[in-house]
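Below is one structure; the comments refer to it alone.
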Amino acid sequence: MTTVTDKASTLTSTPIPNFIGGEWVAASGNDALDVMDPGTHEVLGQVPLSTVADVDAAVAAAREAFPAWRATPAAERVRVLFRLQALLKEHQDELARMLSREHGKNFKECHGEVQRGIENVEHACGIPSLMMGDTLEDVARGIDCETIRQPIGVFAGITPYNFPVMIPLWFWPYAVATGNTFVLKPSEQDPLTHQKIVELAREAGLPEGVLNVVHGDKTVSSALIEHPDVVGISFVGSSEIARIIYRDGAARGKRVQALGGAKNHMIVLPDADLELTADAIINSVYGSAGQRCLAGSQIVGVGEAYDQIRDRIVEGASTVRVGYGLDPDTFMGPVISAPHRERVEGYIEAGEKEGARVLIDGRGFKVDGYPKGNWVGPTVLEGVGPEQSVGREEIFGPVAGLTRAETVEDAIELMHRVEYGNATSIFTTSGRAAREFRYHAGISMIGINIGVAAPMAFFPFGGSRASFYGDLRAQGKDAIAFYTDQRVVMSRW
Ligand code: NAD
């Protein structure tokens, strides 16, 4: 393996290097994919399709680094993260611009994503306290008992395209702060901005081998899952792949947290503040062009709320400003790729065939000055339920499906006929209705008068049902538990 450069050289290197044992090194194979600006189709760089040999080298580097890193005091380990936090703040605008170019979402959303990532680094800085165990004196006469949390070894992360900065930061800062070492496989669709973050981590003083990055596709994922020296996998992506990763990792006795897709229901009661509700739903459905696992997708108006919320959503959707992510007026950018645009348009077509009424049609959308962009306009479909693919499956695009339910119980039943269980929101001015909903929703992340119920770094993030495979979620206390093993020590002296 040859050393390409001592810098990440993002946006210029072709193809971008892997990061193994503290060095930027070329992937060993010859295959690579273009990383494209989804608004212009300009090629921003190339991502290598690394081989099993590259994975072996990265895991070996991580394994070699583990004993010394584990023995480094927790307070010293997190000093690197404190420095990384400062560097991320210093480079936040630059990172957000890079992210907007390779992902397509607007600058403000990108800035927010980097901020959410930084908050995870900040939370991981608390590891010396968060990782403490418990002690009880005299559990029996003259015998004391204590728990200690220990790191386990080499963890791997496999992450999606829709939050390429934040989602890797849900994982590796906690893994390394707790004393493990890590191999990351970022999404091959937009890996450039995180490349810069890894360079900042190196600048912050992360020792060689503690964090490694191997670019590529499912060959790299599979090699990580199958590698006997990888003790656990953190995965985020579609449910179909999450299921495979969970099955294959668990079959090898590894820890797995696999976060999957979503079909989030937004339920509007007649007593809701309709103006605030419509704003929150428009933001939820069309922000990031619907490519968020917390995006509202099915809008259920209860009783007389239905007509009113439908009219407001149609009005709001028709005023959404679609454009290039770095144009200051843009609210909604393109979707990630041309095949994804075709997929979203295919759902709109299928919905129409299955009986939905197209109130606003985003197919064939054009943006002046950007003829090649992967545009899908804001779309509103009425008469959409779980019996249709468009009401049951994850579209991951700017499409609102509207339906009416007579009661909140009926709305919950509709929601439960869909296999996903990531997030849901209720809009109401009744505390009692909100409490009842929280009690019966059976969905992991619940918004009450909030359209995107995204837990902050100190709370767990992850769904249930087909949206999550595993038991410990990302962020919060779950992250510390996932990356450590508890030992129980009984002592008599
Ligand atoms: P994806 O499943 O296509 O890819 C995710 C990762 O898995 C990528 O790194 C990809 O290279 C890898 N991969 C793809 N096929 C694989 C295979 N057969 N075996 C092993 N690895 C494979 O997902 P995506 O399109 O990048 O991201 C969008 C999806 O992620 C949506 O379904 C979205 O809901 C989900 N998501 C979920 C959450 C959450 O918190 N639950 C958060 C963000 C995104």
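When a ligand or atom number is given, it counts from 1 through the structure's own listing order. In this chain, numbering begins with 1 at the start of the sequence shown.
- Annotation: Trp172 is not in aromatic contact with Phe182 [ring centroid separation under 6.0 Å not met].
- Nearest to atom 23 (O) of ligand 1 by heavy atom, out of Ala295, Ala262, Ser238, Ala242, is Ser238.
- Remark: distances from the non-hydrogen atoms of Phe163 to ligand 1 are all 4.0 Å or more.
- Residues Arg363 and Val376 are not in side-chain contact: their nearest non-hydrogen atoms beyond the backbone lie 4.5 Å or more apart.
- Within the 4.0 Å heavy-atom criterion, the part of Phe461 lying near ligand 1 is the side chain and not the backbone.
- The shortest heavy-atom distance from Asn422 to ligand 1 is under 4.0 Å.
- When ring centroids are compared, Phe482 and Phe155 come within the 6.0 Å threshold.
- Note on ligand 1: Ile167 sits in its first shell, one or more heavy atoms being nearer than 4.0 Å.
- Classification of the Tyr370-Trp375 ring pair by plane angle, with boundaries at 30° and 60°, yields perpendicular.
- Atoms of ligand 1 found under 4.0 Å from any heavy atom of Glu394 (numbered from 1 in listed order, with element): 31 (C), 32 (O), 33 (C), 34 (O).
- Distances shorter than 4.0 angstrom occur between a heavy atom of Gly260 and an atom of ligand 1.
- In summary, Glu113 and Lys105 engage in a salt bridge, as defined by a charged side-chain N under 4.0 Å from a carboxylate O.
- Scanning the protein heavy atoms around atom 13 (N) of ligand 1, the nearest turns out to be Ile241 CG2, 4.1 Å.
- Put simply, no part of Tyr420 is less than 4.0 Å from ligand 1, judged by heavy atoms.
- Contact analysis puts Phe235 in contact with ligand 1, with a non-hydrogen atom separation below 4.0 angstrom.
- In Glu240, neither the side chain nor the backbone holds a heavy atom less than 4.0 Å from any atom of ligand 1.
- Aromatic pair His103/Phe163: ring centres not closer than 6.0 Å.
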